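Notes for the one structure printed next.
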Amino acid sequence: MNQELPKAYDPALIEEKWANYWVSEHLFDVPTPPSNNVQKKTFVQLLPPPNVTGRLHMGHMLNQTEMDILTRWHRMLGETALWVPGTDHAGIATQMMVERQLAAEGTTTREQLGREAFTERVWAWKRQYGSAISDQMRRLGASVDWSREYFTLYDRLSVAVKEAFVRLHEQGLIYRGAYIVNWDPVLQTAVSDLEVTHEERAGKLFHVRYPLADGTGSIIIATTRPETLLGDVAVAVNPNDERYKHLIGKMLLLPLSAAAGKPDREIPIVADDFADPEFGTGAVKVTPAHDPNDFAIGQRHNLPQLNVLDERAHITLDGSPYDGMDRFAARERILIDLESSGALVAVKDHTHSIAISQRTGIVIEPRLSMQWFLKIQPLADKAIEAVDKGHIKFTPDNYRKTYDEWMKNIHDWCISRQLWWGHRIPAWHCGACSAVTVARETPAACSQCGATELTQETDVLDTWFSSGLLPFTVFGWPGQAKTGSSKLETGSSTPDLATSQSSHNAPFLSFRSAAEDSAFSAATNAHAPTPALAAFYPTDLLVTGSDILFFWVARMIMLGCHFMLDVPMPDGSPRTLADAVPFRNVYIHALVRDADRQKMSKTKGNVVDPIEIVQKYGTDAVRFTLASQASPGTDIAFSEARTQGNRAFANKIWNAARFLQMQIERGREAGYAVSAFLSVIPAGDLLSSALPPLSTPTLPATTPLETRWIFSRLSAVSAEVERALTDYRFDEAASAVYQFFWGEFCDWYLELVKLRLDFTIEKNNVTALTLNALVAVFEAALRLLSPFMPFLTEELWHALYASVGTEAPTKSIALTRFPQLGDFPADPASVAALEVLQELIVTVRGLRKDLGVPEKEAAPVQIFASNRISALADANADMLARMARVSAVELVGQALTGNNARATSNFEIAILYERQIDVPAERERLEKDLAKFDKGLAAAERQLSNEGFVAKAPPHIIEGLKKQYAETTTLKEKALAALATLPPR
RNA sequence: GGGCGGUUAGCUCAGUUGGUUAGAGCGCCUGCUUUACACGCAGGAUGUCGGGGGUUCAAAUCCCUCACCGCCCACCA
């Protein structure tokens with residue numbers, strides 16, 4: 001049982017074991033409590049679903065580290081901590097990936113396969129490779145509830161998506177129409193505004209002459225996209241533009257139409273405020289089918305829409321020489337033709353922003369097409385209110401403003417995509433009357449004319465539409481749907497995904513299924529919350545990056561507020577906006593950049609693969625590094641050097657455990673019992689029980705100073721970590737535990753404890769007490785570290801119980817209680833005393849170094865100090881001996897001067913050691929000190945002689961300054977005296 | 001065009017109700033096999049807190065301004 005730990009910490013030896021253990025033991029699976037019995041506080045988070053095609057990157061790892069720290073922490077506070085994982089079907093990305101695969105195989109194409117076969121092919125891909133990212137998560141020990149893992153295209157979620165769409169349609173919030181959308185000519189689908197980025201590019205502004213039809217003159221327009229000229233239906237000028245006022249209403253001859261062998265097309269000059277007299281020539285050509293502004297002008301002036309570009313952005317114009325040409329080739333050709341006809345009068349340099357498709361990097365072509373839209377304003381209004389009223393809080397707070405700005409300038413959302421992979425829109429077109437029927441189930445007949453020639457809409461929904469519903473759909477919304485159409489998970493324990501043609505369900509997990517099944521069938525009222533919804537909605541926190549604030553966060557808020565307002569509270573009362581929100585808090589974290597603060601990108605080749613780093617340094621070290629760099633406001637420059645440092649920290653913890661193991665072993669051999677303190681540590685199994693009540697143990701009177709001190713510190717640090725995590729200050733929390741464990745527990749406590757753990761002498765109380773205290777502090781420190789370093793602490797915690805010879809109270813340290821203020825007694829007097837002793841020790845060490853006392857040599861010291869400090873030094877001479885190799889302490893009643901003495905504000909101390917003085921070095925040191933003192937004194941004098949300061953500064957500041965002044969004066973005198981003893985230069 | 005963030009030690013970063021001598025990790029220098037740990041121990045050096053101006057008894061911290069870096073939003077042909 002009591003296996004000795006290897007000398008050096010090797011994460012590879014322990015991590016996989018525990019990662020598997022946590023999953024196979026279902027430690028983090030959370031059963032849905034019955035809705036009438038929700039007693040424990042919950043802490044619920046939804047994992048931002050990574051794309052199913054994804055591989056884990058540093059951003060994921062940061063996100064998951066933060067979520068995991070919080071989840072583990074809340075779990076250790078005795079709450080029901082539920083973290084729901086899942087993946088997103090990611091329409092475009094996944095379809096592209098499989099299409100690329102097909103292209104690589106070269107045997108068939110998407111089009112040749114056809115819709116059904118192609119989507120089956122994507123499903124096959126998903127089954128084979130789709131769990132890669134979840135597997136990576138498992139390996140990193142994310143304490144999620146795997147029994148609730150979802151995939152956005154599973155039947156249960158698809159039913160919910162369909163339901164949401166139909167309801168929105170019934171509410172009149174979804175409409176279909178021909179509008180200008182952002183068109184990606186490569187993907188040949190519409191994309192939303194958010195999927196478009198803008199790039200400043202150097203381009204040209206072409207001035208083109210359009211002659212008046214009556215031959216009395218011409219107008220020169222300015223354009224950046226001459227290829228759309230063929231679709232012009234008007235030229236607009238500002239109604240107040242004196243240059244053109246008299247021409248309004250006249251007709252122009254569109255250049256180049258003759259080139260197509262047709263008579264010149266005539267287009268009118270219209271007056272519109274959009275035309276800016278200051279820009280270009282003040283006259284703008286109007287192409288409603290290919291520009292959003294022109295589209296609006298066209299609407300205002302009732303102009304026709306002339307489409308001259310197809311879905312590949314090739315010119316489509318029968319009989320035209322440009323027909324079939326790519327848009328950019330057409331541009332060149334048209335420019336040549338315009339020039340040769342003399343219509344091109346000027347070409348000016350013009351940098352302007354170009355719309356780029358985020359996914360393909362191709363220039364977006366605004367295109368008139370038939371799409372489905374969600375009327376967003378009613379949803380946005382609620383979403384704005386929810387944040388305004390504080391129902392949702394953003395951290396950092398400034399994102400509230402960003403959110404607000406966006407939400408207040410929101411446009412209707414184009415939710416249709418011309419893809420095959422995704423949730424197909426539940427609408428059917430009538431072959432007879434061409435009416436559209438929206439329904440939950442395939443309708444038998446057209447809702448308008450009753451004809452039966454119906455074909456389903458081919459478009460699918462934007463991926464973000466379904467992910468925007470997740471906060472409630474993952475918990476079973478809408479429950480028993482009106483038409484009872486949903487295919488619920490059944491009790492079948494052997495799902496055969498491979499043979500499933502039409503149904504795609506989550507793998508069965510016995511842990512949850514029974515409860516959830518009864519939950520669904522119990523929900524007879526269509527609007528009643530499912531038990532999971534009742535127990536877990538709203539979620540508590542969403543942790544995510546700013547890059548999906550609008551894509552996802554904002555949409556979840558809108559859709560959550562919209563749909564959940566209709567779902568009553570568990571007690572049957574109506575739900576208010578405050579409880580309709582999908583989450584109560586949003587924490588936006590930083591972006592992870594490389595060590596040089598460059599954005600990580602594949603093209604730059606500076607992408608740090610978390611799995612590689614993890615293999616090199618261990619998950620815990622990488623987690624700790626990310627946590628310690630995660631301060632709000634700035635991006636994280638991922639530092640491998642820091643990771644190395646944190647692996648050293650892990651090794652330090654490991655070796656502290658080894659030290660304990662040795663002490664326990666020796667203690668046992670000397671007949672000491674270890675366990676007394678363990679028994680007072682509240683460590684019940686938090687999975688099944690609530691947090692045990694607080695009970696601060698009382699220490700025996702014989703408890704040594706350093707134990708009182710470390711207990712006190714542990715208590716204080718626990719509180720500090722709790723505060724930091726409450727504020728999402730992962731950096732402060734990490735730094736607090738680091739400093740505590742290394743700087744206090746290892747550097748001081750372990751060294752001081754060696755003084756007490758002498759097993760060669762007769763058995764005694766102090767040794768017994770110390771041995772048990774040591775175990776207790778270390779055990780608590782492991783619990784403190786556990787949310788940050790789950791693997792290491794799990795291993796060492798079990799090893800500790802093994803060496804003590806007691807069975808661990810729970811299956812995992814993750815199920816024990818997080819250390820709390822008050823778990824250990826606070827003792828300010830002991831803390832103050834130990835701080836003085838530390839100062840004494842550090843001063844002696846420094847002095848020894850200055851004086852060149854050999855490391856191993858012990859030397860006597862003289863101390864001149866107050867009675868209190870003298871007594872302390874006297875009583876703890878053994879500490880001084882051990883920590884600073886002081887052979888004897890002599891308390892003296894007079895000031896100490898000389899080059900072997902040092903003064904601090906608390907005491908003066910001298911080492912009695914004969915040595916050759918390095919006069920120049922000593923002089924340099926003293927002069928440097930003097931300069932520092934003088935500077936300090938001058939500053940203090942300046943302030944103290946300032947009437948305003950004395951009159952206005954708070955008393956404690958003035959007192960402090962005076963005290964400091966007096967102390968510095970003394971120190972200066974000492975230095976001067978010491979300087980005087982040196983031989984003259 | 002609008003909005004936001006950053007600029008502190010060689011590097012990466014902490015440091016907001018303004019307050020006594022600005023911190024950490026890494027790196028650097030010196031010395032150490034000491035009841036776990038050289039992934040270690042002990043000691044040490046290092047800052048015009050981006051520039052300028054202002055408010056204040058007092059500014060890294062508040063205000064103005066300039067410079068540089070970065071991000072987000074926006075339908076100017």
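Quick note on labels: first sequence line is chain A, next is B, and so on, each numbered from 1. It should be emphasised that the depicted structure is a prediction, and the values quoted were computed from it without experimental measurement.
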Return the pairing partner of [N] with a 3.5 Å limit on both distances, Watson-Crick or G-U wobble; otherwise return none.
{"N": "B:U48", "value": "none"}
{"N": "B:C62", "value": "B:G54"}
{"N": "B:G40", "value": "B:C32"}
{"N": "B:A77", "value": "none"}
{"N": "B:C4", "value": "B:G70"}

Exercise. Ring centroid separation for A:Phe730 and A:Phe788, is it under 6.0 angstrom?
Worked result: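 Between A:Phe730 and A:Phe788, the centre distance exceeds or equals 6.0 Å.
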Cut-off 3.5 Å, no hydrogens considered: what does the side-chain donor-acceptor table look like for residues 224-236 of chain A, sequence neighbours left out?
unit_1, atom_1, unit_2, atom_2, d
A:Arg225, NH1, A:His290, O, 3.2
A:Arg225, NH2, A:His290, O, 2.8
A:Arg225, NH2, A:Glu365, OE2, 2.8
A:Glu227, OE1, A:Arg331, NE, 2.8
A:Glu227, OE2, A:Arg331, NH2, 2.9
A:Thr228, OG1, A:Arg225, O, 2.8
A:Thr228, OG1, A:Lys285, NZ, 2.7
A:Asp232, OD1, A:Lys285, NZ, 2.7
A:Asp232, OD1, A:Thr287, OG1, 2.7
A:Asp232, OD2, A:Tyr210, OH, 2.6

Remember a base hit wins even if backbone is also touched, and classify [X] as base, sugar-phosphate or nothing at under 4.0 Å, heavy atoms.
{"X": "A:Gln964", "answer": "base"}
{"X": "A:Arg845", "answer": "sugar-phosphate"}
{"X": "A:Lys408", "answer": "nothing"}
{"X": "A:Lys932", "answer": "nothing"}

Encode [range] as B, S and - characters from 5' to 3', where the letter depends on protein heavy atoms closer than 4.0 Å: B to the base, S only to sugar-phosphate, - to neither.
{"range": "nucleotides 72-77 of chain B", "value": "-S-BBB"}
{"range": "nucleotides 56-63 of chain B", "value": "-B------"}
{"range": "nucleotides 29-38 of chain B", "value": "-BBS-SBBBS"}

Check whether any side-chain heavy atom of [X] lies under 4.5 Å from a side-chain heavy atom of [Y], and answer yes or no.
{"X": "A:Gln644", "Y": "A:Arg647", "result": "yes"}
{"X": "A:Lys972", "Y": "A:Asp934", "result": "yes"}
{"X": "A:Ile297", "Y": "A:His301", "result": "yes"}

Problem set entry | Span that lies between the C1' atom of B:G5 and that of B:A22, in whole angstrom |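 Rounded to whole Å, the distance is 23 Å.
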Problem set entry | B:G51 versus B:U8 - spacing of their C1' atoms, nearest Å |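 One C1' to the other, the span is 15 Å.
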Problem set entry | Partner set under ring-ring contact (aromatic ring centres under 6.0 Å, His included) for A:Phe933, not counting sequence neighbours |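 Once residues adjacent in sequence are excluded, A:Phe933 has no partner under the ring-ring contact (aromatic ring centres under 6.0 Å, His included) criterion.
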For this session: Using the test ring-ring contact (aromatic ring centres under 6.0 Å, His included), find all partners of A:Trp183 that sit at least two apart in sequence or belong to another chain.
Result: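 Applying ring-ring contact (aromatic ring centres under 6.0 Å, His included) to A:Trp183 gives none.
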Exercise. Between A:Lys401 and A:Phe394, is NZ or CZ placed under 6.0 angstrom from the six-membered ring centre and within 45° of the ring axis?
Worked result: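 No; the conditions do not both hold, so A:Lys401 does not lie above the ring face of A:Phe394.
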Problem set entry | Distance-only donor-acceptor check, side chains A:Asp193 and A:Asn182, under 3.5 Å |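 The criterion, which ignores hydrogens and geometry beyond distance, is satisfied for A:Asn182 and A:Asp193.
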For this session: Give a yes-or-no answer on whether the side chains of A:Asn906 and A:Thr904 include a donor-acceptor pair shorter than 3.5 Å.
Result: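 The answer is no; no qualifying pair exists.
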Exercise. Can you find a side chain N or O atom of A:Lys401 that sits less than 4.0 Å from OP1 or OP2 on B:C4?
Worked result: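 So the side chain of A:Lys401 is within the cut-off, an N or O lying under 4.0 Å from OP1 or OP2 of B:C4.
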